[in-house]
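I have placed the structure first, in the form of structure tokens, so that the comments after it can refer back to it.
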Amino acid sequence: MQCKIPAMTSAASHAFTIPVRVYYEDTDAGGIVYYANYLRFFERCRTEWMRSAGYGQAQLLSEHGIGFVARKAACDYLKPARLDDEITIGLEVERLTRVRVIFRQWARRGDELLATGQVEIACVDLATMSPTPIPDSLLAALETLK
């Protein structure tokens, strides 16, 4: 599955981004970001996006007994990020339903697109690990960020 992400330059795009510095631990023996770490960077971005809506992961667990789990992930690797690079990780919400969110995500170094991806997360009751609706207050907050 290929997910080509166009340049995100419009203020109306509702893109959310975070800066990430590439550390030694993020790289392979050649000083290149290890491919699986892009999924970790994408996860950090989604966590901060949720936090920007006023909801941290610990709060969701303690107040609602829910969490978000990855259901699907696909990534396209275009150019390598390297040790000490400052990169930007971003996301846009492609689809938001009562139980899941589908994100388009990307990694950039300046204007250079390094990786793109699509990640689907599902809201689950953490006691039963079964799908459950996103609480109304959280869903409303996430709708404003789309």
Side-chain angles (χ1 to χ4, degrees), residues 1-27 33-79 81-146:
M1 170 184 209
Q2 288 191 339
C3 305
K4 300 292 183 192
I5 307 298
M8 302 297 168
T9 56
S10 166
S13 72
H14 291 93
F16 179 85
T17 63
I18 62 168
V20 170
R21 167 78 68 186
V22 175
Y23 294 112
Y24 185 76
E25 67 187 28
D26 299 319
T27 64
V33 169
Y34 183 67
Y35 74 96
N37 286 335
Y38 287 99
L39 294 175
R40 293 177 57 223
F41 298 156
F42 291 172
E43 172 75 23
R44 288 182 204 167
C45 187
R46 292 190 309 275
T47 297
E48 293 305 322
W49 174 79
M50 188 80 66
R51 193 181 317 277
S52 77
Y55 292 87
Q57 300 294 333
Q59 175 189 7
L60 292 174
L61 172 60
S62 67
E63 292 180 11
H64 302 283
I66 63 165
F68 287 90
V69 298
R71 185 172 178 277
K72 290 182 190 176
C75 200
D76 235 358
Y77 306 100
L78 308 170
K79 294 182 179 182
R82 299 177 187 280
L83 180 63
D84 286 332
D85 280 353
E86 289 185 30
I87 61 177
T88 300
I89 306 299
L91 66 77
E92 283 188 353
V93 175
E94 191 171 283
R95 186 167 179 221
L96 173 62
T97 72
R98 289 291 300 165
V99 176
R100 65 188 177 128
V101 187
I102 300 173
F103 297 94
R104 292 187 314 142
Q105 294 198 250
W106 64 92
R108 291 182 179 281
R109 181 181 43 236
D111 289 334
E112 252 185 314
L113 189 58
L114 305 175
T116 63
Q118 183 181 56
V119 178
E120 179 180 331
I121 62 171
C123 183
V124 297
D125 177 313
L126 288 173
T128 63
M129 292 306 291
S130 59
T132 192
I134 298 170
D136 290 337
S137 59
L138 174 57
L139 187 62
L142 298 181
E143 283 284 352
T144 66
L145 297 178
K146 284 191 354 179

Looking at [atom1] of [X] and [atom2] of [Y], how far apart are the two atoms once the value is rounded to the nearest 0.5 Å?
X     : Y      : atom1 : atom2 : result
Asp76 : Gln118 : CG    : CD    : 11.5 Å
Arg46 : Phe41  : CZ    : CZ    : 13.5 Å
Leu78 : Trp106 : CG    : CH2   : 13.5 Å
Cys45 : Phe16  : SG    : CZ    : 5.5 Å
Leu83 : Asp85  : CG    : CG    : 8.0 Å
Ile89 : Glu43  : CD1   : CD    : 12.5 Å

- Item | Evaluation steps, side chain to side chain contact (heavy atoms under 4.5 Å, CB included), between Arg104 and Leu91 | CA-CA 6 Å; Arg104 292 187 314 142; Leu91 66 77; over 6 Å; no
- Query: Got a sec, which residues hit side-chain hydrogen bond (donor to acceptor under 3.5 Å, both in side chains) with Ser130, two or more places apart in sequence or on another chain?
  - Reply: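 Once residues adjacent in sequence are excluded, the partners of Ser130 under the side-chain hydrogen bond (donor to acceptor under 3.5 Å, both in side chains) criterion are Thr128.
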Show me the donor-acceptor pairs, under 3.5 Å and distance only, between side chains in residues 60-68 and residues at least two apart or in other chains.
unit_1 : atom_1 : unit_2 : atom_2 : d
Ser62  : OG     : Ala58  : O      : 3.2
Ser62  : OG     : Gln59  : O      : 3.4
Glu63  : OE1    : Gln59  : NE2    : 3.3

- Task: Check Leu126, Asp125, Val99 against Thr132 for a side chain to side chain contact (heavy atoms under 4.5 Å, CB included) and give me the one that passes.
- Result: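 Result: among Leu126, Asp125, Val99, Asp125 is the only option passing the side chain to side chain contact (heavy atoms under 4.5 Å, CB included) with Thr132.
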Kindly indicate whether the side chain of [X], heavy atoms from C-beta on, has any atom under 4.5 Å from the side chain of [Y].
X     : Y      : answer
Arg95 : Val101 : no
Asn37 : Leu39  : no
Arg44 : Val20  : yes
Val22 : Thr27  : yes
Trp49 : Leu145 : yes
Asp26 : Arg40  : yes
Arg71 : Val119 : no
Val69 : Met129 : yes

- Message: For a side chain to side chain contact (heavy atoms under 4.5 Å, CB included) check, start with the C-alpha distance between Glu143 and Leu96, then their side-chain angles and the critical distance, and finish with the verdict.
- Response: CA-CA 8 Å; Glu143 283 284 352; Leu96 173 62; 3.6 Å; yes
- Shortest non-hydrogen separation from Val33 to Arg82 and the atoms involved: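 Reported closest heavy-atom pair: CG2-N, 4.5 Å.
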- Message: Can you give me the closest heavy-atom contact between Ala53 and Ala141, atom names plus distance?
- Response: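 Closest approach of Ala53 to Ala141: O-CB, 3.8 Å.
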- Using the side chain to side chain contact (heavy atoms under 4.5 Å, CB included) rule, take Ile134 and Arg100 through it: C-alpha gap first, then chi angles, then the decisive distance, then the call. CA-CA 8 Å; Ile134 298 170; Arg100 65 188 177 128; over 6 Å; no
- Message: If the threshold is 4.0 Å, N to carboxylate O, is there a salt bridge linking Arg109 and Glu86?
- Response: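 No.
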- For the pair Arg98 and Asp136, find out whether any cationic side-chain nitrogen is under 4.0 Å from an anionic carboxylate oxygen.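 Asp136 and Arg98: salt-bridged.
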- Taking only residues two or more places apart in sequence, or in another chain, which ones meet Phe42 in a ring pair (Phe, Tyr, Trp, His ring centres under 6.0 Å)?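 Phe42 satisfies ring pair (Phe, Tyr, Trp, His ring centres under 6.0 Å) with no other residue.
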- Task: Please state whether the rings of Tyr38 and Tyr77 are parallel, tilted or perpendicular, taking 30° and 60° as the class boundaries.
- Result: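 Rings of Tyr38 and Tyr77: tilted, 30 to 60°.
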